[in-house]
Colleague: 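Let me give you the structure first, and then I'll get to my questions.
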Amino acid sequence: MAEVSVLLTCAGQRVDIVRAFRRARDRGPHAGRVLVSDLDPLSPSLFSADAVVELPRVDDPGYGDAVADACAREGVRAVLPLTDLDPVVLAEAAPAVERAGARVFVPEPAVALACQDKWGCHQALLARGLPSPPTWLPHEADPAALPYPVLLKPRLGFAGRHIYRAADPDELAFFLRYSPAESVVQQVLPGEEFSVDCLGDLDGRAIGAIPRAMIQSKGGEQIKGETLDDPQLVDVAARTVTALGLRGPSTVQCFREGGDVLGITDINTRFGGAFPLPQAAGGDYPALILEMAAGGRPEPRLGRHTPGVVMTRFLDQHLLARVPGGLAPITSSE
């Protein structure tokens, strides 16, 4: 039995993902540990993992080498980012990490960067014949000729921060002065928004794509949703994964109206915020990642998920006590 340990970086509050990897490990053929890293000593994920790996800040020049050293030291076979903070850094560090015996489940550095940069993503999608909303750099846009309403979005942003809706040139001029972020201007698309939780293998081949309706979100995080039987969304997302070579988990967000997918608005090269929903619908992405890290090549399971799975979220917590040397659990909701 191959031992496959996993390192989940910048794990933060993603206890749901940590637990899912532990369950996949416990019920599957691959023994190993689920390790996490996070700078915050009170990050909930630290108290759900098998072990904690200390790493420097993501913007530290030695971050990539530190990840590689940790993989060699801890016998890690798979590395996955859980936020938007380090996919690009991990992609750039992939050669060193692979020499340490692990695979990084992110795309090539240029693609990872393009998926984080709204302008780069727009250009990458159009270059591959995929739909993207009309998008402009502010200095190239004629405010009087734009198809209002438009959104001002940060080129590099996350969690819905610094996104502003402008109904006319005056509002756009105000938000351009107000926003602290380098931004793009993007047409507001009509219709309904959907997300598709995807998984690409280590060759960038789409092996999973589970669409979901976005029933309710708060602060950019989906708290209510439902999986869908929707071949069109599966096809669009799978083509996106394959065209861009999206290794590992990713989330493709798009708008559709009248049966037409009008544009892909976001691509996140990590697990989506609504991870428990596709997992409950049969995605089983952690188990597939363990299989790939062990050298396997799972067959695609596009369209084989369970539709009609509904998620509604609530708060949960770890309760801890200060003891000599650190913190110890009082009770656990696991």
Colleague: Under the criterion side chain to side chain contact (heavy atoms under 4.5 Å, CB included), I'd like the reasoning laid out for L80 against I289: C-alpha separation, chi angles, the key distance, then a yes or no.
Modeller: CA-CA 10 Å; L80 296 99; I289 288 167; 3.6 Å; yes

Colleague: With R270 as reference, evaluate T9, D84, D86 under the side-chain hydrogen bond (donor to acceptor under 3.5 Å, both in side chains) test and give the passing residue.
Modeller: D84

Colleague: Step through the shown structure and confirm whether more than 12 heavy atoms of other residues, nucleotides or ligands are within 6.0 Å of CD on E54.
Modeller: no

Colleague: Is the shortest side-chain N to carboxylate O distance from E221 to R313 below 4.0 Å?
Modeller: yes

Colleague: Using every non-hydrogen atom in the two residues, find where R205 and P298 come nearest and quote the distance to one decimal.
Modeller: NH2-O, 2.7 Å

Colleague: What distance do F105 atom CZ and L202 atom CG have between them, rounded to the nearest 0.5 Å?
Modeller: 4.5 Å

Colleague: Between atom CZ of R297 and atom CD of E299, what is the distance when rounded to the nearest 0.5 Å?
Modeller: 7.0 Å

Colleague: If we ignore hydrogens and angles and just use 3.5 Å, is the side chain of R128 paired with the main-chain N or O of A124 as donor and acceptor?
Modeller: yes

Colleague: Going from CD on E226 to CD1 on I215, what distance comes out if it is rounded to the nearest 0.5 angstrom?
Modeller: 5.5 Å

Colleague: Using modelled atom types and a 3.5 Å cut-off, is there a donor and acceptor pairing between side-chain atoms of E257 and backbone atoms of L262?
Modeller: no

Colleague: Any side-chain donor-acceptor pair under 3.5 Å between E193 and Q253?
Modeller: yes

Colleague: Dump the intermediate steps for side chain to side chain contact (heavy atoms under 4.5 Å, CB included) on D50 and L35, then the final yes or no.
Modeller: CA-CA 6 Å; D50 295 316; L35 302 97; 5.8 Å; no

Colleague: Salt bridge or not between E74 and R33? Use side-chain N to carboxylate O under 4.0 Å.
Modeller: yes

Colleague: If you round to the nearest 0.5 Å, how far is CG of D40 from CD of Q13?
Modeller: 9.0 Å

Colleague: Could you tell me whether the side chain of S179 and the main chain of F175 form a donor-acceptor pair under 3.5 Å?
Modeller: no

Colleague: Which atom names give the shortest non-hydrogen contact between L246 and C115, and what distance separates them?
Modeller: CD2-SG, 4.0 Å

Colleague: So do L90 and V97 actually touch side chain to side chain, heavy atoms under 4.5 Å?
Modeller: no

Colleague: Determine whether a donor-acceptor pair (N or O, by modelled atom type, separation under 3.5 Å) exists between the side chain of T227 and the backbone of V309.
Modeller: yes

Colleague: Parallel, tilted or perpendicular: which fits the ring planes of Y178 and F174, with parallel below 30° and perpendicular above 60°?
Modeller: parallel

Colleague: Examine the side chains of Q232 and R256 and answer whether a donor and an acceptor come within less than 3.5 Å of each other.
Modeller: yes

Colleague: Transitively linked via ILVMFWY side-chain contacts under 4.5 Å: V88 with L7?
Modeller: no

Colleague: Regarding D59 and R57, does a basic nitrogen lie under 4.0 Å from an acidic carboxylate oxygen?
Modeller: yes

Colleague: Hydrophobic clustering (ILVMFWY, side-chain heavy atoms < 4.5 Å, transitive) - are V4 and V18 grouped together?
Modeller: yes

Colleague: Quick check on the hydrophobic clustering: are M311 and V196 connected, directly or via other members, by side-chain heavy-atom contacts under 4.5 Å?
Modeller: no

Colleague: Decide yes or no on side chain to side chain donor-acceptor pair (under 3.5 Å) for T135 and Q186, but give the supporting numbers first.
Modeller: CA-CA 4 Å; T135 305; Q186 192 169 88; 3.1 Å; yes

Colleague: Report yes or no: do M214 and I267 belong to one cluster of Ile/Leu/Val/Met/Phe/Trp/Tyr joined by side chain heavy-atom distances under 4.5 Å?
Modeller: no

Colleague: Is atom CD of E92 surrounded by more than 12 heavy atoms (other residues, nucleotides or ligands) closer than 6.0 Å?
Modeller: yes

Colleague: Could you tell me whether the side chain of H122 and the main chain of P133 form a donor-acceptor pair under 3.5 Å?
Modeller: yes

Colleague: Under 4.5 Å between side-chain heavy atoms, counting indirect links through other Ile/Leu/Val/Met/Phe/Trp/Tyr residues: same cluster for V104 and L55 or not?
Modeller: yes

Colleague: What is the distance from atom CG of L156 to atom OG of S183, rounded to the nearest 0.5 Å?
Modeller: 10.0 Å

Colleague: Could you go through E98 and R103, starting from their C-alpha distance and side-chain angles, then the distance that decides it, and tell me whether this counts as salt bridge (charged side-chain N to carboxylate O under 4.0 Å, His left out)?
Modeller: CA-CA 5 Å; E98 290 179 4; R103 299 300 300 267; 3.3 Å; yes

Colleague: Can you check whether D197's main-chain N or O pairs, donor with acceptor, with Y285's side chain at less than 3.5 Å?
Modeller: yes

Colleague: State whether the side chain of T240 and the backbone N or O of V236 hold a donor-acceptor pair below 3.5 Å, judged by distance alone.
Modeller: yes

Colleague: When you compare the side chains of D38 and S43, does any donor N or O come within less than 3.5 Å of an acceptor on the partner?
Modeller: yes

Colleague: Can you find a heavy atom in the side chain of R165 that is under 4.5 Å from one in the side chain of L152?
Modeller: no

Colleague: Roughly how far, to the nearest 0.5 Å, is CZ of R301 from CD1 of I210?
Modeller: 9.0 Å

Colleague: The test is side chain to side chain contact (heavy atoms under 4.5 Å, CB included); show your working for L172 and V185 and say whether it passes.
Modeller: CA-CA 9 Å; L172 178 60; V185 179; 4.2 Å; yes

Colleague: Give a yes or no on whether a salt bridge exists between D203 and R247, defined as a side-chain N under 4.0 angstrom from a carboxylate O.
Modeller: no

Colleague: Can you tell me if H318 uses its side chain to pair, donor with acceptor, with the backbone of P44 under 3.5 Å?
Modeller: yes

Colleague: Does the pair D69/R73 count as a salt bridge with the N-to-O cut at 4.0 Å?
Modeller: no

Colleague: Salt-bridged, R27 to D284, with N to O below 4.0 Å?
Modeller: yes

Colleague: Please check: side-chain N/O of R25 versus main-chain N/O of A287, any donor-acceptor pairing under 3.5 Å?
Modeller: no

Colleague: Judged by atom type as modelled, is there a donor-acceptor pair below 3.5 Å linking the side chain of E108 to the main-chain atoms of A110?
Modeller: no

Colleague: For F275 and F271, take the angle between the two ring planes, folded into 0 to 90°, and tell me which bin it lands in: parallel under 30, tilted 30 to 60, perpendicular over 60.
Modeller: perpendicular

Colleague: Which is it for Q279 and I17 under the side chain to side chain contact (heavy atoms under 4.5 Å, CB included) test, yes or no, and what are the steps along the way?
Modeller: CA-CA 10 Å; Q279 181 70 3; I17 299 173; over 6 Å; no

